[in-house]
Asks: 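Take this structure, written in structure tokens, and hold onto it; I'll ask about it next.
As the structure is a prediction and not an experimental result, all values here were calculated from the model.
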Amino acid sequence: MKTKTPFLLHLLAIFFLLASLACLFGVIQTITSWNWLLAVDYYPHPAYNIFENAFLFLAFLASAVILWARLPWAPVFCQAVTLLAGAWYWFDRIVITAIRMPFREQIFPILVTLLVLFLLLFSLYLIQPYMKALPSIRPVGDEDENPSS
């Protein structure tokens with residue numbers, strides 16, 4: 001019996017595709033503004049911004065493609081990419097760019113990040129049963145005694 005693809009799977013694939021496009025636009029914007037960023041002494045270096053956005057573009061694009069293909073390990077891979085992107089966002093915000101803000105001003109971004117991470121991780125958990133099953137491999141000695149042909 002063929003199971004119908006849930007709308008949540010399409011929604012998540014489109015979300016990852018849009019996230020990849022946002023990162024691609026970040027790469028394009030950094031390249032077009034390269035001289036301006038160097039002139040204003042942008043920190044961190046624009047090469048870091050290109051590396052970060054290119055890596056996240058490829059990760060989100062791969063997530064969208066394997067989710068759309070319904071590979072059995074797609075939800076786990078997408079959860080790992082989601083956690084990596086969330087951790088990278090906060091590492092970049094606190095350590096790399098060194099934003100010095102009091103903790104009370106960071107409560108809202110922390111709550112929004114946790115909410116988005118929870119929704120994405122839980123949604124990916126919910127679609128696991130709808131992934132394509134791996135083909136079963138039978139051992140060599142398990143062939144039928146009386147083949148009916």
Side-chain angles (χ1 to χ4, degrees), residues 1-33 43-149:
M1 179 177 168
K2 188 174 181 176
T3 60
K4 190 173 180 180
T5 306
F7 178 70
L8 183 59
L9 189 133
H10 296 294
L11 195 64
L12 287 170
I14 290 169
F15 174 79
F16 280 111
L17 187 63
L18 290 176
S20 71
L21 286 176
C23 292
L24 177 64
F25 293 149
V27 170
I28 293 169
Q29 183 63 38
T30 303
I31 291 171
T32 57
S33 305
Y43 181 80
H45 197 271
Y48 170 76
N49 197 13
I50 288 178
F51 169 75
E52 175 189 19
N53 282 317
F55 178 78
L56 290 175
F57 163 71
L58 292 174
F60 287 141
L61 185 63
S63 296
V65 168
I66 66 168
L67 204 57
W68 198 266
R70 294 176 61 185
L71 296 176
W73 46 272
V76 176
F77 179 80
C78 292
Q79 287 173 339
V81 167
T82 302
L83 286 173
L84 177 72
W88 196 334
Y89 169 75
W90 279 99
F91 179 77
D92 191 35
R93 181 180 172 115
I94 294 172
V95 177
I96 303 295
T97 57
I99 295 177
R100 303 290 180 229
M101 289 181 8
F103 180 74
R104 62 180 164 74
E105 291 183 16
Q106 297 209 26
I107 291 175
F108 183 71
I110 289 171
L111 291 177
V112 169
T113 303
L114 290 176
L115 178 67
V116 169
L117 283 176
F118 173 75
L119 289 175
L120 279 173
L121 295 175
F122 189 65
S123 298
L124 288 164
Y125 172 76
L126 288 177
I127 63 167
Q128 281 181 342
Y130 298 99
M131 296 293 116
K132 291 180 182 175
L134 289 173
S136 60
I137 300 173
R138 295 185 344 191
V140 177
D142 277 357
E143 292 150 5
D144 291 332
E145 301 278 332
N146 298 323
S148 56
S149 39

Asks: Once rounded to the nearest 0.5 Å, what's the spacing between atom CZ of R70 and atom OG1 of T5?
Replies: 4.0 Å
Asks: Y89: which residues meet the side-chain hydrogen bond (donor to acceptor under 3.5 Å, both in side chains) condition with it, sequence neighbours left out?
Replies: R93
Asks: I need the T30 OG1 to F25 CZ distance, nearest 0.5 Å.
Replies: 13.0 Å
Asks: Show, in sequence, the C-alpha distance, side-chain angles and deciding distance for L120 and L12, and conclude whether the side chain to side chain contact (heavy atoms under 4.5 Å, CB included) test is met.
Replies: CA-CA 8 Å; L120 279 173; L12 287 170; 3.7 Å; yes
Asks: Taking only residues at least two apart or on different chains, which pairs with a member in residues 102-114 satisfy side-chain hydrogen bond (donor to acceptor under 3.5 Å, both in side chains)?
Replies: W90-T113
Asks: What ring pair (Phe, Tyr, Trp, His ring centres under 6.0 Å) pairs are there with at least one residue in residues 91-116, not counting sequence neighbours?
Replies: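 Ring pair (Phe, Tyr, Trp, His ring centres under 6.0 Å) check on residues 91-116 returns no pairs.
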Asks: Atom CD1 in I50, atom NE2 in H45: separation rounded to 0.5 Å?
Replies: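 Here the rounded value is 9.0 Å.
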Asks: What's the spacing between L115 CG and I110 CD1 if we round to 0.5 Å?
Replies: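 Separation between the atoms: 13.5 Å.
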Asks: Might you point out which heavy atoms bring I96 and P44 nearest each other, and give the distance in Å?
Replies: CG2-CG, 3.8 Å
Asks: Would you give the length of the straight line joining atom CG of L114 to atom CG of L119, rounded to the nearest 0.5 angstrom?
Replies: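 Answer rounded to 0.5 Å: 11.0 Å.
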Asks: Any side-chain hydrogen bond (donor to acceptor under 3.5 Å, both in side chains) involving residues 51-69? Give me the pairs, sequence neighbours left out, ordered by first then second residue.
Replies: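 Every side-chain hydrogen bond (donor to acceptor under 3.5 Å, both in side chains) pair that includes a residue of residues 51-69, provided the two are not neighbours, is N49-N53.
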Asks: Heavy atoms only: give me the nearest S20-F57 pair and the separation to one decimal.
Replies: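 So the minimum-distance heavy-atom pair works out to O-CD1, 3.0 Å.
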Asks: Take atom OH of Y48 as the centre, draw a 6.0 Å sphere, and report whether it contains more than 12 heavy atoms from other residues, nucleotides or ligands.
Replies: yes
Asks: So, for L9 and M131, which heavy atoms are closest and what is the spacing to 0.1 Å?
Replies: CD1-CE, 2.9 Å
Asks: Closest approach of T97 and Y43, non-hydrogen atoms and distance?
Replies: CA-CE2, 4.4 Å
Asks: How about T82 and F16: do any of their side-chain heavy atoms sit closer than 4.5 Å?
Replies: yes
Asks: Are any of the side-chain heavy atoms of F60 and L24 separated by less than 4.5 Å?
Replies: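 SC-SC contact between F60 and L24 ruled out.
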Asks: Sequence neighbours left out, what passes side-chain hydrogen bond (donor to acceptor under 3.5 Å, both in side chains) with Q29? Give chain and number order.
Replies: S33
Asks: Can you measure from CG (L67) to CZ (F77) and round to the nearest 0.5 angstrom?
Replies: 10.5 Å
Asks: What residues, two or more places apart in sequence or in another chain, satisfy ring-ring contact (aromatic ring centres under 6.0 Å, His included) together with F118?
Replies: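 F122.
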Asks: Please name the pair of heavy atoms, one in P75 and one in I127, separated by the smallest distance, quoted to 0.1 Å.
Replies: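 That closest heavy-atom pairing would be CG-CG1, 4.4 Å.
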